[in-house]
2 protein chains.
Amino acid sequence: MPTMICDTYGATEAVPWLPSPFQGSFMARGRGGYTHAMVVRLKDIAAELGVSVVTVSRALRNRPDIAEETKAKILERVKRLNYRPNLTARSLVTGRSSLIGLVVPDLIHPFFAEIAKGLSAKLREKEYYLIVSSSESDAQLEQDEIEHMLAHHLDCFVVASCQKDPESLRRIGEAGVPLVLIDRSFPRFACNFVGVDDYKVGELATEHLIAQGCKRIAHLRGPATNVGNHRAEGFCNTLRRHGMALPDGYIVACGEAADSDGERRGRRAMEEILALKPRPDGIFCFNDTVAMGAMDRAFEAGVRIPRGMAIVGCGNFHYSSKLQVPLSSVDQRSREIGERTAKMVMTLLGKPPSARPRNVVLAPELMVRASSRMN
Amino acid sequence: MPTMICDTYGATEAVPWLPSPFQGSFMARGRGGYTHAMVVRLKDIAAELGVSVVTVSRALRNRPDIAEETKAKILERVKRLNYRPNLTARSLVTGRSSLIGLVVPDLIHPFFAEIAKGLSAKLREKEYYLIVSSSESDAQLEQDEIEHMLAHHLDCFVVASCQKDPESLRRIGEAGVPLVLIDRSFPRFACNFVGVDDYKVGELATEHLIAQGCKRIAHLRGPATNVGNHRAEGFCNTLRRHGMALPDGYIVACGEAADSDGERRGRRAMEEILALKPRPDGIFCFNDTVAMGAMDRAFEAGVRIPRGMAIVGCGNFHYSSKLQVPLSSVDQRSREIGERTAKMVMTLLGKPPSARPRNVVLAPELMVRASSRMN
DNA sequence: GCAGGTTACGTTAGCGTTTACGAAGATTGC
DNA sequence: GCAATCTTCGTAAACGCTAACGTAACCTGC
């Protein structure tokens with residue numbers, strides 16, 4: 001009975017829509033829906049106290065031009081009646097919604113989940129909220145999502161884009177909404193950006209493998225985006241700087257290598273690697289999922305890790321340290337990306353949209369584990 | 001240089017706020033902010049075509065009382081001018097925001113991340129959006145978040161609550177907003193609910209351990225919430241049904257056992273287990289994180305898994321299958337919870353808030369892996 | 001005692017959209 | 001051919017809030 005569904009579970013007693021503590025002095029919100037709940041408005045409080053709506057509004061927003069005494073009286077009533085300002089209405093007149101849009105390729109991916117968490121935590125302090133959308137690494141879907149979210153008049157967009165071409169992202173700017181790209185940037189598209197230096201990622205991993213004594217280092221590379229390209233460039237240049245060879249077939253493309261697919265692609269890539277002669281003794285993988293698949297396949301072929309082949313991944317996913325052979329990995333500083341993004345968003349909200357784009361580029365950090373530790 | 005931050009990265013060419021395709025026929029949005037972008041309104045389209053605002057609105061909402069010819073003309077212009085309805089304004093008058101609030105204890109936790117993803121995917125189809133908040137398993141924070149989110153006039157709340165007492169959740173209902181609890185319910189609080197049958201979770205895991213030949217089964221139990229209690233009850237009753245003993249010390253409490261903490265608590269719990277005589281030969285753990293910590297500690301003590309001790313976790317986290325000894329785990333059907341929740345939310349939106357609460361209870365599914373497979 | 005300032009409010013006019021209602025013109029029925 | 005309907009549109013009012021301005025009342029200072 002794998003999908004049994006029942007409809008009686010737990011206690012079924014009273015409905016949670018209890019009668020309100022205040023006695024129905026305010027009636028339902030007219031036309032909109034069926035809402036029979038009592039929603040307190042500025043008008044209600046004003047009427048009760050015999051002051052004007054604006055005065056109540058002033059008290060709530062802590063404006064200077066109101067007597068302390070009146071303010072106290074109003075705030076007391078506000079609290080007692082459990083008044084909540086209608087942010088929708090406020091938004092309509094102020095032009096700010098206190099909502100930030102976050103679009104990422106995959107919400108489950110620990111990297112993006114962590115960013116979302118960091119971002120959300122920081123924004124909360126300023127009473128901003130996050131509208132999230134997972135684009136499933138689908139460029140068209142991402143585009144549609146952004147288009148729809150624009151209608152909600154968000155104050156800022158944060159996007160880890162999977163577009164090939166940033167053209168559709170311009171529309172965000174055209175709508176007058178600030179945009180922060182995270183993790184992924186575009187070659188000829190100047191834009192606020194928070195992420196890690198991916199060139200350094202490649203450099204760091206490769207330097208490490210060289211330091212561990214690897215002589216023939218291969219790279220399972222990612223897609224032809226900025227991220228994939230920069231990591232590959234870092235890899236190549238580091239080899240060159242050390243005067244090391246980069247034979248044909250030492251760079252295997254794994255494509256998108258999204259979470260679900262990465263392992264399979266890693267396995268296939270490793271098969272190509274295993275067929276090489278001489279066989280590489282160090283592998284820098286585009287991400288940890290690819291690395292996991294590659295490692296699995298190497299095990300099956302009887303390769304011992306790290307002695308027979310050292311492996312370094314990328315992303316420092318949560319489970320990487322818990323694998324059979326804990327995986328060395330370049331950390332992407334996701335938490336900090338989230339927090340720094342929040343900070344950037346907050347400053348952006350105060351600036352006119354024409355301001356010069358800002359970049360925050362974090363240095364990656366290598367976590368050395370058993371999969372590449374030689375001593 | 002662990003935190004190097006630079007400010008020059010990638011190309012810096014043009015600002016993304018390009019001049020709009022339409023020639024400034026509509027000016028900036030007045031008072032609100034500094035937005036110099038041109039936002040097209042109903043009024044603008046109406047003026048261009050010499051019709052009234054309402055007519056344009058009718059065309060956009062596909063109302064019947066409009067001539068096909070006029071509609072076509074309007075829609076063409078709408079498309080050409082790249083008009084987007086202002087959902088904030090619409091929301092103010094209709095009383096619906098097309099926004100759903102999701103509050104979970106931890107966004108990074110794969111279980112909740114998956115729910116968020118499933119929910120978001122289904123809601124997207126109906127052009128609803130998700131406002132998320134991570135409560136960090138802090139009851140007070142959760143309460144504050146909900147309170148703030150209420151001000152945004154969301155259409156529905158989806159909450160995996162970490163309250164001890166559901167009292168604060170009533171306020172959602174009082175505000176006239178539907179509420180769906182997920183994963184966690186409350187004893188005397190009737191409310192819409194989507195989740196897994198936690199009693200069955202305990203039953204399933206315990207039955208399995210018994211079937212594998214375990215004679216002395218212990219439980220590392222979770223918090224004293226519905227979830228923790230139901231799993232423990234399922235565990236106890238199954239043992240009883242099979243006439244098996246449950247000696248003192250065979251149930252060890254691990255408390256909240258949130259993601260970061262769970263491993264540590266698992267380790268500590270396992271220490272208590274290891275001290276028991278006779279030592280248990282099967283452990284049902286509250287969740288996979290606890291199981292991981294427990295397993296680690298057991299390894300250190302030289303226990304062989306599953307022969308010396310079989311272990312079953314709960315949650316079927318992504319990494320559980322990739323551990324040194326792949327962990328058996330009761331799957332929580334997170335993806336389906338997300339999708340079913342979306343479905344419930346959608347039906348709730350059409351109903352008056354007084355409707356009788358509905359329960360969707362999914363059957364858990366056991367994933368048997370090496371940590372408990374005896375044959 | 002009065003110009004000039006300050007303090008503490010109220011009045012008015014929106015924000016961009018939808019709903020309710022009304023009215024002109026076209027169409028129908030007999 | 002005229003009342004009754006249907007079709008297609010417009011006008012007015014509202015949703016809950018805030019910005020801008022106005023205006024009493026009260027303070028100064030000399």
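Since we're looking at a predicted model, the values are computed, not measured. Letters A, B, ... are given to chains in the order of the sequence lines, protein chains preceding strands, and every chain is numbered from 1.
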Enquirer: Do the charged groups of Glu167(B) and Arg170(B) touch, with an N to O distance under 4.0 Å?
Expert: yes
Enquirer: Please list, by residue number, the residues of residues 57-64 of chain B whose heavy atoms come closer than 4.0 Å to an atom of DNA chain D; answer none if no residue qualifies.
Expert: Arg58(B)
Enquirer: Return the set of residues passing ring-ring contact (aromatic ring centres under 6.0 Å, His included) with Phe112(B) (not counting sequence neighbours), or none when no residue passes.
Expert: His109(B)
Enquirer: Is the side chain of Asn192(A) donor-acceptor paired with the backbone N or O of Arg358(A) at a distance under 3.5 Å, no angle test?
Expert: yes
Enquirer: Counting side-chain heavy atoms from CB outward, which of dA20(C), dT12(C), dC9(C) is closest to Val54(B)?
Expert: dA20(C)
Enquirer: Listed by chain and number, what are the ring-ring contact (aromatic ring centres under 6.0 Å, His included) partners of Phe157(B), not counting sequence neighbours?
Expert: none
Enquirer: Would you mind reading off the distance between Asn86(B) atom CG and dT18(C) atom C1', rounded to a whole angstrom?
Expert: 12 Å
Enquirer: Between dG16(D) atom P and His153(B) atom NE2, what is the distance in whole Å?
Expert: 8 Å
Enquirer: When the distance from CG of Leu42(A) to C1' of dC17(D) is rounded to whole Å, what number comes out?
Expert: 6 Å
Enquirer: May I have the distance from His152(A) (atom NE2) to dT17(C) (atom P), rounded to whole angstrom?
Expert: 14 Å
Enquirer: Taking only N and O in the side chain of Tyr83(A), is any of them less than 4.0 Å away from OP1 or OP2 of dC17(D)?
Expert: yes
Enquirer: Calculate the interatomic distance between Arg90(A) atom CZ and dA19(D) atom P; express it in whole Å.
Expert: 9 Å
Enquirer: Name the one of Leu42(A), Ile74(A), Ile66(A) that satisfies side-chain contact (heavy atoms from CB on, under 4.5 Å) with Ser57(A)?
Expert: Leu42(A)
Enquirer: For DNA chain C, find the residues of residues 66-77 of chain A with a heavy-atom distance under 4.0 Å and give them by number; none if there aren't any.
Expert: Ile66(A), Ala67(A), Thr70(A)
Enquirer: Please answer whether the main-chain N or O of Lys122(B) pairs with a side-chain N or O of Glu339(B) as donor and acceptor at a distance below 3.5 Å.
Expert: no
Enquirer: How far does the helix from dG5(C)-dC26(D) to dC30(C)-dG1(D) bend, going by the axes of its first and last five pairs, to the nearest 10°?
Expert: 50°
Enquirer: Val53(A) has a side chain; which of dT18(D), dT11(D), dG16(C) sits nearest to it?
Expert: dT18(D)
Enquirer: With Leu130(B) as reference, evaluate Leu119(B), Leu154(B), Val158(B) under the side-chain contact (heavy atoms from CB on, under 4.5 Å) test and give the passing residue.
Expert: Leu119(B)
Enquirer: Can any side-chain N or O of Gln163(B) pair as donor or acceptor with the backbone N or O of Ala139(B) at less than 3.5 Å?
Expert: yes
Enquirer: Ignoring hydrogens and angles, state whether a donor on the side chain of Thr55(B) or Ser52(B) is under 3.5 Å from an acceptor on the partner side chain.
Expert: yes
Enquirer: With the side chain of Thr94(A) defined as its heavy atoms from C-beta on, choose the nearest nucleotide among dT11(D), dA19(D), dG16(C).
Expert: dA19(D)
Enquirer: What pairs with His152(A) under ring-ring contact (aromatic ring centres under 6.0 Å, His included), at least two apart in sequence or on another chain?
Expert: Tyr129(B)
Enquirer: Any donor and acceptor pair, going by atom type alone, linking the side chain of Asp155(B) with main-chain N or O of Ile100(B) inside 3.5 Å?
Expert: no
Enquirer: Figure out the CG/C1' separation between Leu49(A) and dG10(C), and round it to whole Å.
Expert: 15 Å
Enquirer: Compare the minimum distances between each of dT17(C), dG16(D), dT8(D) and the side chain of Asp65(B), then state the nucleotide with the smallest one.
Expert: dT8(D)
Enquirer: Just checking, is any N or O donor in the side chain of Glu127(B) or Ser98(B) under 3.5 Å from an acceptor N or O on the other one?
Expert: no
Enquirer: Just how far, in rounded Å, is C1' of dC15(C) from CG of Leu92(B)?
Expert: 9 Å
